[in-house]
Amino acid sequence: MQSIVNQIKTAAALALNHLYPEAKVTDEDILVNETKPEFKGDYTVVLFPFVKSLRQNPAVLGKALGDQLLASNPVFTAHETVAGFLNLTLADALLANFLNATYADQSYGTQASNGNKVMIEYSSPNTNKPLHFGHLRNNFLGWSVAQILKTNGSEVIKANLVNDRGIHICKSMIAWMRYGNGATPESTGIKGDHLVGDYYVKFNDVYKEEVAGLVATGKELAQAEKEAPIMLEAQDLLRRWEAGDAEIYQLWETMNGWVYKGFDVTYKRLGLDFDKMYYESNTYLLGKEIVEEGLQQGVLFRKDNGSVWIDLTADGLDEKLLLRADGTSVYMTQDLGTAKLKYKDYGMDSSVYVIGDEQNYHMQVLKLILQKLGEPCADGIYHLSYGMVELPSGRMKSREGTVVDADDMIDEMIRLAKEQTEQANKTEGFTEEELERLYRIIGIGALKFYLLRVEPRKKMIFDPKESIELAGFTATFIQYTHARIKSILRRSEIAYGPMVLGKDELAPLEKSLLLQLEQYPGIIDQAAREFNPSALCNYAFRLAQTYNSFFDKHQVLKAENEEKKQLRLMICALTAITIRNAMALLGIEVPERM
RNA sequence: GGUCCGGUAGCUCAGCUGGAUAGAGCAUCAGCCUUCUAAGCUGAGGGUCAUUGGUUCGAAUCCAAUCCGGAUCACCA
């Protein structure tokens, strides 16, 4: 069904062309806004663009257009022109029709397939340490955007490219070999990803000591950093791994296995999942043949020492290395190969990379190179760039131990949910299991909402000391609103169903709710186009705000008459569905009671 | 230095395809629970939309310059 705003655009364009055949306006030429609360009306057509072209004064044009709209279209019941703005009042019947059609639609907002296939790569962790708070932003964003696109009609593949090889893993490995004494997650009771992370920290501690020791013997710092024995040993491990050394390969598999088990626990707690896993150990050698082709095409060039480059200076960028002089590949090379592999696997129309803004340049170059190479996957590449999550003290650095651990954060949020629920005396009538579930829903919901409510590209500062609020612009507020509605719906005994509304029967808050509810599919579409879950955070919050005002002002179960009761119950039902569905797109559950 | 991103209320953020007197939340202050859940509602105070210039009937929004903050520009990943 066409949205109300689009109906207005169509009607206004038609009316203008009827009144002024020379106007030749299209739907897209009509600017429709919500009418400001201080004026009478629901939606406003901005007249200024036509004042000039049609050489009419705003008042005359507004009156003519308004009269024509009212005469030709029963969805409008009144109009008023104020200073170039044509304020239109919608018929209650229009909104009643909308309500009748949707109030029982549990999947309200879900669009039919649009034939578009898109891959979202997100999470993509390193396997040498547990997830931290900053990673959560990536994970929540990726999952949510995938869900939004899916609901908006796209076929979506959620992919995870695991960075399971490289020097960083070898650092954990060498520290474990030196100091682990055979420790395992089972023997220590430590979650696998944390155990491996502990040895990564250990590596850095030892490395610092060794460097300091060398400096004390008179070495230059830079030299000492290169010669520290533990670093040399880690580099040796990497070489042995690449050479296929069985012993090393087995340890690598074992420790990665610990990490995956740990990650799985965290992913599961957070409700995150993937359709396709890629591992860099399988992809890091890809891309070399693309380089060969690029050389033949003349897109790439070889320097005297044998290294291969692309010249992007004409595009305002630099020269970029693609193969080292010794023929080995760099990060970019393997990303070129992986992009091609993904496209071969799925042939998707677009490929979204959820990656921090520190890699803006890298992603720009990646896309540009693929375009220059004429790869069909190139144009569909989109970098969903997001800002870093920082602490008041600055960036989180895992090597310096200033990270906020993801698992700790989850525990803390759930603990906080429990504390606040108990403090508010809201635990009555729940079983222990129900309470555990409720605390999880509230705690994790708060965490997700907090990280999704800000536009992705903005960096955000998180102050753990202040902790996260459960009031105001939060998931908790929205969840609470849902629980309030459900409480009413549980008590309603009558069967309610389609109804007819006469003129001017809707109270202002009833009408506002219906207008907002009607906008929901448009919000999903916007969020999908912008890859921006925060649009849904804002929408769900505004809807809950309006509902709470409505709840305060109007009785539902004890409404003035049966008609009103039925109407309000239907509005309640659709509001609950819309809140639940909108929050589901963010990966946030809503409770029946809280 | 080149490129990119950000700068809106004390704090955290919406608003940015140009439209009416720039909005929320938190914090502060004042009200509202014998009535469907007060994790709520109502109201008040709080602004040079970084600065300057330009385009326009109209600029927080577009353009240019400047200032501030951040990212990035490795034969690292």
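So that the names make sense, note that chain A is the first sequence line, chain B the second, and so on, each numbered from 1.
- Cation-pi geometry between A:Arg484 and A:Phe551 is met: the NZ or CZ atom falls under 6.0 Å from the ring centre, inside 45° of the normal.
- For A:Val454, counting side-chain heavy atoms from C-beta on, the closest listed nucleotide (B:A39, B:C13, B:C36) is B:C13.
- Residue contacts shown for A:Ala325 include a base, since a base heavy atom lies under 4.0 Å away.
- A:Asp315 comes within 4.0 angstrom of no nucleic acid atom, judged by non-hydrogen atoms across all strands.
- Nucleotides B:G25 and B:A44, compared at atom P, are 12 Å apart to the nearest Å.
- Both geometric conditions, a ring-centre gap below 5.5 Å and a plane tilt below 30°, are not fulfilled together for A:Phe48 over the base of B:G58.
- B:A14 sits 32 Å from B:C57 when the P atoms are compared, rounded to a whole Å.
- Ring geometry for A:Phe449 versus A:Phe473: interplanar angle over 60°, hence perpendicular rather than tilted (30 to 60°).
- A:Lys553 has no side-chain polar atom (N or O) that falls below the 4.0 Å cut-off from OP1 or OP2 of B:C41.
- Judged by atom type and distance alone, A:Thr35 does not reach the base of B:A20 through any side-chain donor-acceptor pair under 3.5 Å.
- OP1 or OP2 of B:G6 lies within a sub-4.0 Å distance of a side-chain N or O belonging to A:Arg457.
- B:A59 and B:U52 have their P atoms separated by 15 Å, with the value rounded to a whole Å.
- When the nucleotides B:A39, B:G19, B:G15 are ranked by their closest atom to the side chain of A:Asn33, B:G19 comes out on top.
- Checking B:U72, B:C36, B:U12 against the side-chain heavy atoms of A:Ser487 singles out B:C36 as nearest.
- Taking side-chain N and O atoms only, A:Arg491 has a distance below 4.0 Å to OP1 or OP2 of B:U37.
- Atom P of B:U55 sits at a distance of 28 Å from the matching atom of B:A9, rounded to the whole Å.
- On a pure distance criterion of 3.5 Å, no polar donor-acceptor pair joins the side chain of A:Asn425 and the base of B:A39.
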Task: Watson-Crick or G-U pairs under 3.5 Å in RNA chain B, rendered as dot-bracket with [ ] for crossing pairs and | for another strand - done: ((((((((.[[[[.)...(...]]]].(((((.......))))).....[[[[[..)....]]]]])))))))....
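- Taking only side-chain nitrogens and oxygens, A:Lys52 comes nearer than 4.0 Å to OP1 or OP2 of B:C57.
- Across B:G19, B:A39, B:C73, the shortest atom-to-atom separation from the side chain of A:Pro49 is found for B:G19.
- Under the 6.0 Å cut-off for aromatic ring centres, A:Phe85 and A:Phe48 qualify, their centroids lying closer than that.
- The gap from the C1' atom of B:U72 to that of B:C13 amounts to 26 Å, rounded to the nearest Å.
- Residue A:Arg593 is classed as a base contact, given a heavy-atom separation below 4.0 Å to a base.
- Of the candidates B:A71, B:A39, B:A24, B:A71 carries the atom nearest the A:Glu358 side chain, counting heavy atoms from C-beta on.
- Remark: A:Lys303 is positioned above the aromatic ring of A:Trp309, its terminal NZ or CZ atom under 6.0 angstrom from the ring centre and at most 45 degrees off the axis.
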Task: Intermediate values then yes/no, side chain to side chain donor-acceptor pair (under 3.5 Å), A:Asp335 and A:Thr338 - done: CA-CA 5 Å; A:Asp335 272 3; A:Thr338 307; 4.8 Å; no
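- When each of A:Asp357 and A:Val330 is assigned the nucleotide of RNA chain B bearing its nearest heavy atom, the one mapping closer to the 5' terminus is A:Asp357.
- For A:Phe551, the side-chain atoms get nearest to B:A38 when compared with the rest of B:G40, B:G15, B:A38.
- A donor and an acceptor atom never sit less than 3.5 Å apart when one is taken from the side chain of A:Lys36 and the other from the base of B:U21.
- Using a 4.0 Å cut-off, some side-chain N or O of A:Lys458 falls inside it from OP1 or OP2 of B:A14.
- A distance of about 24 Å separates the C1' atoms of B:A30 and B:U35, rounded to the whole Å.
- The side chain of A:Ser549 contributes an N or O atom lying less than 4.0 Å from OP1 or OP2 of B:U42.
- Protein atom CG of A:Leu31 is 18 Å distant from nucleotide atom P of B:C57, rounded to whole Å.
- Considering all non-hydrogen atoms of both residues, A:Ile485 and A:Cys572 come closest at CG2-O, 3.2 Å.
- Straight-line distance from the CD atom of A:Glu469 to the P atom of B:C13: 14 Å, rounded to whole Å.
- For the P atoms, the distance from B:U48 to B:C29 is 24 Å, rounded to whole Å.
- The separation between A:Asp335 atom CG and B:C76 atom P is 16 Å, rounded to whole Å.
- Put simply, A:Tyr480 does not rest on the base of B:G40: the two rings are not both less than 5.5 Å apart at their centres and under 30° in tilt.
- Because its glycosidic torsion is more than 90° from 0, B:C11 is reported here as anti.
- Other residues, nucleotides and ligands place no more than 12 heavy atoms under 6.0 Å from the NZ atom of A:Lys63.
- We find that OH of A:Tyr361 is positioned 15 Å from P of B:C5, with the value rounded to whole Å.
- In the displayed structure, A:Arg55 atom CZ is contacted under 6.0 Å by at most 12 heavy atoms of other residues, nucleotides or ligands.
- In summary, A:Glu28 and A:Lys9 do not engage in a salt bridge, as defined by a charged side-chain N under 4.0 Å from a carboxylate O.
- Both thresholds, 5.5 Å between centres and 30° between ring planes, are met by A:Phe85 relative to the base of B:A20, so the two rings are stacked.
- Geometrically, A:Lys129 engages A:Tyr200 in a cation-pi contact, judged by NZ or CZ lying under 6.0 Å from the ring centre and within 45° of the ring axis.
- Regarding A:Asp552, its CG atom lies at a distance of 8 Å from the C1' atom of B:U42, rounded to whole Å.
- Mapping A:Met460 and A:Ala483 onto RNA chain B by nearest heavy atom places A:Met460 closer to the 5' end of the strand.
- Using P as the reference atom, B:U42 and B:U3 are 49 Å apart when rounded to the nearest Å.
- The side chain of A:Phe39 approaches B:A20 more closely than any other nucleotide in the set B:A77, B:A20, B:C41.
- Of the candidates B:A38, B:U35, B:G19, the closest approach to any side-chain atom of A:Arg484 belongs to B:A38.
- A side-chain donor-acceptor contact under 3.5 Å links A:Ser281 and A:Asp164.
- For the pair A:Tyr547 OH and B:A38 P, the computed distance is 11 Å after rounding to whole Å.
- We find that CD1 of A:Ile169 is positioned 14 Å from C1' of B:C76, with the value rounded to whole Å.
- Taking every side-chain heavy atom of A:Arg324 into account, B:A77 is the closest of B:C73, B:A77, B:A39.
- Under 4.0 angstrom from either OP1 or OP2 of B:C73 there lies no side-chain N or O belonging to A:Gln364.
- In terms of polar N and O atoms assigned as donor or acceptor, the side chain of A:Thr481 never comes within less than 3.5 Å of the base of B:A39 in a complementary pairing.
- When rounded to the nearest whole Å, the span between CD of A:Glu34 and P of B:A20 equals 13 Å.
- Other residues, nucleotides and ligands contribute at most 12 non-hydrogen atoms within 6.0 Å of the CZ atom of A:Arg437.
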